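Here the structure comes first, spelled out in structure tokens, and everything after it is commentary.
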Amino acid sequence: MDMQTSFLDRLFESGLLIDTGIDGLYGRSGQFEEVIAAFERLIDKVGGGDGAEAMRFPPGMNRAFFEKSGYMKSFPQLAGTVHSFCGSELDHVSLLQCMEVGEDWTKGQEATDIVLTPAACYPLYPTVAKRGNLPKTGGLFDLQSYCFRHEPSKDPARQQLFRMREYVCMGTEEHVTDFRQRWMERGVEMMKAVGLEVTIDIANDPFFGRAGKMLANNQRDQNLKFELLIPITSSANPTACMSFNYHQDAFGTKWGLNLEDGSVAHTACVGFGLERIALALLHNHGLDTVDWPESVRKALWG
Ligand code: ATP
Ligand code: ZN
Ligand code: MG
């Protein structure tokens, strides 16, 4: 049995995660949720003075916005769409017959106008664009959403439905890169406060296919993505628990996000992987939060 399986098994045995029979789709216990709630309060405390506008979207987004985002160009392998039965009574009869004999009943399902949100910030850009030019101070938003990615895995830190807390900044290049830098420093401090050893490294997104290799290399060469890494299932390959992304003016151009003077906005986002942070805490401090070091408990629960 490798380390990964055993950590997942221990999480199941302790009841912190609840097996659904699907890799990467888990229920969470009250104690697990308490850890996430406490860490989110810490995020609120650290980011609270910045005056971010809070918005919460459900875990599904407008399919038209999803299509326009270009997600299917970059990450078709990760996307999840919502399909429904839209047929007649007769179609219903054949659907049930199909299920009865164990054939593929999903073939007749039709795409709805909703797709599963792949990252918390995706519904934000078209929403802000609709408002017109940004104010002089730019834009700062506080988001949290369940996100879907079709990447089933036995690694408990790689889930198919997980929560991402994000801050998104819109403004000039200098404004948004300062924002990103500030959160890298804050991220390191926050993890230190809860007793976690971290490193920060340059990173890239898993762009699909051969053309994607080029996009990934370009992203790295231009320092567009950094990750804050914490050992969870392997110390040789620590897990990304936060990411810090600078989009240049790509989203500004795509969505028509403009500054007060009409110039295209640059954007950056920082994301906290909430399940991963909870897992990092549980892995490092033990599966019972009562036994965690006093300093860690104090940082989380006061
Ligand atoms: P990875 O390289 O591990 O796949 P990522 O680069 O795809 O991560 P982002 O797209 O930057 O991650 O997402 C923001 C944050 O969401 C990550 O830093 C991570 O903490 C969390 N996250 C990403 N994918 C998952 C997942 N499958 N399960 C749990 N958390 C995730
Ligand atoms: Zn984002
Ligand atoms: Mg990924």
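Since this is a predicted model, take the numbers as computed values, not measurements. Numbering of ligands and ligand atoms starts at 1, following listing order. Just so you know, residue 1 is the first one in the sequence shown, and it goes up from there.
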Taking atom types as modelled, is there a side-chain donor on [X] or [Y] under 3.5 Å from an acceptor on the other?
| X | Y | value |
| --- | --- | --- |
| Glu110 | Ser84 | no |
| Ser88 | Asp91 | yes |
| Asp104 | Thr106 | yes |
| Glu40 | Gln144 | yes |
| His83 | Thr81 | yes |

Which residue holds the protein heavy atom closest to [atom], what is that atom called, and what is the gap in Å?
| atom | value |
| --- | --- |
| atom 28 (N) of ligand 1 | Gln159 N, 2.9 Å |
| atom 8 (O) of ligand 1 | Arg276 NH1, 3.7 Å |
| atom 24 (N) of ligand 1 | Phe162 CZ, 3.5 Å |
| atom 5 (P) of ligand 1 | Arg149 NH1, 3.9 Å |
| atom 19 (C) of ligand 1 | Ala240 O, 3.3 Å |
| atom 21 (C) of ligand 1 | Gly273 CA, 3.7 Å |
| atom 2 (O) of ligand 1 | Glu227 OE2, 3.6 Å |

Does [X] approach ligand 1 within less than 4.0 angstrom via side chain, backbone, both or neither, non-hydrogen atoms only?
| X | result |
| --- | --- |
| Lys225 | side chain |
| Ser153 | neither |
| Arg158 | both |

Name each donor-acceptor pair under 3.5 Å that joins a side chain in residues 192-215 to protein atoms two or more places apart or in another chain, with its distance.
from	atom 1	to	atom 2	distance (Å)
Asn204	OD1	Arg220	NH1	2.5
Asp205	OD1	Lys225	NZ	3.0
Asp205	OD2	Gln219	NE2	2.8

Do [X] and [Y] belong to the same hydrophobic cluster, where Ile, Leu, Val, Met, Phe, Trp and Tyr are linked whenever their side-chain heavy atoms lie under 4.5 Å apart, directly or via other members?
| X | Y | answer |
| --- | --- | --- |
| Ile277 | Phe226 | yes |
| Tyr146 | Leu124 | no |
| Leu287 | Phe12 | yes |

Numbering as shown, the atoms of ligand 1 that approach [X] to under 4.0 Å (heavy-atom distance):
| X | result |
| --- | --- |
| Met242 | 18 (O) |
| Met164 | 13 (O), 14 (C), 16 (O) |
| Ser243 | 9 (P), 11 (O), 14 (C), 18 (O) |

Hey, is ligand 1 close enough to Asn204 that some N/O pair sits below 3.5 Å?
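Between Asn204 and ligand 1, no N or O pair is found under 3.5 Å apart.
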Is the closest N or O pair between Asn245 and ligand 1 shorter than 3.5 Å?
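For ligand 1, there is no N or O atom that lies under 3.5 Å from one belonging to Asn245.
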CA sep, side-chain torsions, deciding dist, call: Tyr122, Tyr71, ring pair (Phe, Tyr, Trp, His ring centres under 6.0 Å):
CA-CA 10 Å; Tyr122 271 62; Tyr71 197 81; 5.6 Å; yes
Show, in sequence, the C-alpha distance, side-chain angles and deciding distance for Trp183 and Phe272, and conclude whether the ring pair (Phe, Tyr, Trp, His ring centres under 6.0 Å) test is met.
CA-CA 11 Å; Trp183 272 107; Phe272 294 84; 5.8 Å; yes
Going by side-chain hydrogen bond (donor to acceptor under 3.5 Å, both in side chains), Asp23 matches just one of Gln159, Gln160, Lys154. Which one?
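Checked Gln159, Gln160, Lys154 against Asp23; only one passes side-chain hydrogen bond (donor to acceptor under 3.5 Å, both in side chains): Lys154.
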Could you name all protein N, O or S atoms found under 2.8 Å from the Zn ion (ligand 2)?
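Protein N/O/S atoms under 2.8 Å of the Zn ion (ligand 2): Cys121 SG, Glu166 OE1, Cys269 SG.
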State, with a plain yes or no, whether a side-chain heavy atom of Met61 is found less than 4.5 Å away from one of Val115.
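Met61 reaches Val115 side chain to side chain.
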